[in-house]
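Every chain is numbered from 1 and lettered A, B, ... according to where its sequence line falls, protein lines coming before strand lines.
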Amino acid sequence: MKWNIYQGSPLALSVTLSSGQAFRWRKDSTNVWWGTIGNLGVALSKPNEGADAPLYWQTFPLENRWEVVSDYLRLDVDVDALYREWIKREPAIAEATRRFRGLRVLRQPPQECLFSFLCATCNTVTKIERTVSKLALRYGEPIASPNEENGEQTPELFAFPTLLALAEADEALLRSDLWGYRAPRVIQAARSLSILPSDYLLALRQRPLAEVRSALTSLHGIGTKLADCIALFSLDKDEAVPVDTHIRQIAVRHFAPLLSEKSLTPRVYAEIENAYRDRFGDYAGWAQQYLFFGELKRAETLAGCPD
DNA sequence: GCTTAACCTGGACGC
DNA sequence: GCGTCCAGGTTAAGC
């Protein structure tokens, strides 16, 4: 495989691909990340440490599709400028921006993002990764591997399944693939979406957050939190703040202690997301991702399994 | 408007 | 080896 090299905006590749936004990226023994964007296979690698180190990249079977890769990684966003603004308004985020400089919120294909987060309710990141990968393996089309040179081994990659394939999926098989009680939700959501215009989800990128939320929560199995995840990670809603247990704990610890005793009702959810938006503005969702990933690492350290 | 229980399952943990 | 708890939530019913 012939690598291309990009050197420009800071990018924390491994942090970005393992921060709980996308669930089908895999790193091989040579530190190459393999994944898919739509029907395109993608290989990404940063042999040298550091957000400013060169990025090696290639796509397949169509080669050299940089516009797809850079769009997915949101390399147009000036993260250093964001950090300066955030720290001025909330010093508590300084450590996370230092540790994870170059972490980016991805612009994923909305369909894969939606079904991945449908799996996330009451689940662990490890299990979500396995479950979503099984879904692609069972119902997705294989992507032709790049030409192998020098004994390179490329993993088998699958495009995310079509709505039609998911709408006709077998519930019992999905249950046995770790979807559990979420299995009927996958089929039902696929059926609901398959009768809408084919660009329905993509068109939501042009709509305001409130409208996006309303559209997504009308699907069975998607509540406010999942709708915010899908809006942030695939529909350009950089201001969306998915409030989960981690994000709530961070808010309570740093800037909303009065919310510690309250149940996460819609009103409390709104109070927490507003607390983030007051501090971090139009890119509150990005700031949330830095704090969320820091919290994940903190939990791993407390559990005795650092990095 | 808020609380509660049910929904799958595997891994971690204590015994 | 076994029981218990928990994990990026949603939904529907009951108050």
Side-chain angles (χ1 to χ4, degrees), chain A residues 15-25 96 100 103 105-106 108 112-135 169-190 192 213-234 237 240-253 259-273 276 284-306:
Chain A
V15 168
T16 298
L17 298 182
S18 64
S19 63
Q21 311 178 51
F23 301 97
R24 290 204 300 135
W25 286 93
F100 310 129
L103 164 61
V105 165
L106 300 169
Q108 302 179 56
E112 172 158 1
C113 186
L114 185 151
F115 286 97
S116 298
F117 278 97
L118 208 46
C119 176
T121 62
C122 241
N123 220 337
T124 59
V125 172
T126 313
K127 273 175 67 181
I128 300 167
E129 288 171 352
R130 278 162 49 188
T131 310
V132 177
S133 295
K134 279 190 174 191
L135 189 72
D170 182 79
E171 186 181 323
L173 276 180
L174 286 182
R175 283 180 181 270
S176 69
D177 282 350
L178 303 179
W179 283 88
Y181 65 90
R182 309 167 195 89
R185 295 179 181 176
V186 172
I187 298 168
Q188 209 170 329
S192 300
R213 242 189 201 174
S214 163
L216 293 174
T217 53
S218 69
L219 297 167
H220 182 78
I222 297 183
T224 311
K225 194 267 173 177
L226 294 194
D228 281 341
C229 285
I230 299 159
L232 175 63
F233 299 134
S234 73
K237 299 295 160 273
V241 179
V243 179
D244 59 25
T245 50
H246 300 297
I247 286 304
R248 185 182 179 191
Q249 283 169 13
I250 295 163
V252 166
R253 200 180 314 133
L259 297 176
S260 65
E261 300 301 323
K262 298 185 180 177
S263 304
L264 191 56
T265 60
R267 185 183 297 174
V268 174
Y269 189 105
E271 283 183 43
I272 293 173
E273 65 172 334
Y276 277 86
W286 284 59
Q288 167 274 156
Q289 191 62 15
Y290 280 75
L291 294 167
F292 170 77
F293 192 64
E295 189 72 6
L296 271 192
K297 290 289 151 195
R298 183 172 179 266
E300 284 176 9
T301 306
L302 290 175
C305 48

[X] has a side chain; which of [options] sits nearest to it?
X: A:R182; options: B:dC8, C:dT10, B:dG11; result: B:dC8
X: A:L226; options: C:dT11, C:dA7, C:dT10; result: C:dT10
X: A:T245; options: B:dG10, B:dC2, C:dG9; result: C:dG9
X: A:R267; options: B:dC2, B:dG10, C:dT10; result: B:dC2
X: A:S263; options: C:dA12, B:dT3, C:dG9; result: B:dT3
X: A:R185; options: C:dT10, C:dA7, B:dC2; result: C:dT10

Which part of the nucleic acid, if any, lies within reach of [X] when heavy atoms closer than 4.0 Å are counted: base, sugar-phosphate only, or nothing?
X: A:Q289; value: nothing
X: A:L219; value: sugar-phosphate
X: A:I247; value: nothing
X: A:Q249; value: nothing
X: A:T126; value: nothing

Take the protein atom [atom1] of [X] and the nucleotide atom [atom2] of [N], then report the distance between them rounded to whole Å.
X: A:K127; N: C:dC5; atom1: NZ; atom2: C1'; answer: 13 Å
X: A:I187; N: B:dC8; atom1: CD1; atom2: P; answer: 13 Å
X: A:N123; N: B:dA12; atom1: CG; atom2: P; answer: 14 Å
X: A:L174; N: B:dT9; atom1: CG; atom2: P; answer: 12 Å
X: A:K225; N: C:dT10; atom1: NZ; atom2: P; answer: 7 Å
X: A:L178; N: B:dG10; atom1: CG; atom2: C1'; answer: 8 Å
X: A:Y181; N: C:dT11; atom1: OH; atom2: P; answer: 11 Å

Minimum heavy-atom distance A:W25-A:A22, with the two atoms named: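 Taking A:W25 first and A:A22 second, the nearest heavy atoms are CD1-CB, 3.9 Å.
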Give a yes or no answer on whether the side chain of [X] reaches the backbone of [Y] with a donor-acceptor pair at less than 3.5 Å.
X: A:R130; Y: A:K127; answer: no
X: A:Q289; Y: A:W286; answer: no
X: A:Y290; Y: A:L103; answer: yes

Pairing annotation in dot-bracket form, given for DNA chain C with Watson-Crick or G-U pairs under 3.5 Å and | for cross-strand partners: |||||||.|||||||
Candidate pair A:E171 and A:R175, rule salt bridge (Lys or Arg N to Asp or Glu O under 4.0 Å), full reasoning: CA-CA 6 Å; A:E171 186 181 323; A:R175 283 180 181 270; 3.1 Å; yes
Whole-angstrom distance between C:dC2 and B:dC8, as gauged at atom P: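 The same atom, P, in both gives a distance of 25 Å.
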Inter-nucleotide P distance (C:dT10, B:dG10), Å rounded: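 It comes out at 23 Å once rounded to the nearest Å.
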A:F23/A:F117 under ring-ring contact (aromatic ring centres under 6.0 Å, His included): CA gap, chis, key distance, verdict: CA-CA 9 Å; A:F23 301 97; A:F117 278 97; 5.3 Å; yes
More than 12 heavy atoms from other groups under 6.0 Å of CZ on A:R253: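 Result for CZ/A:R253: enclosed.
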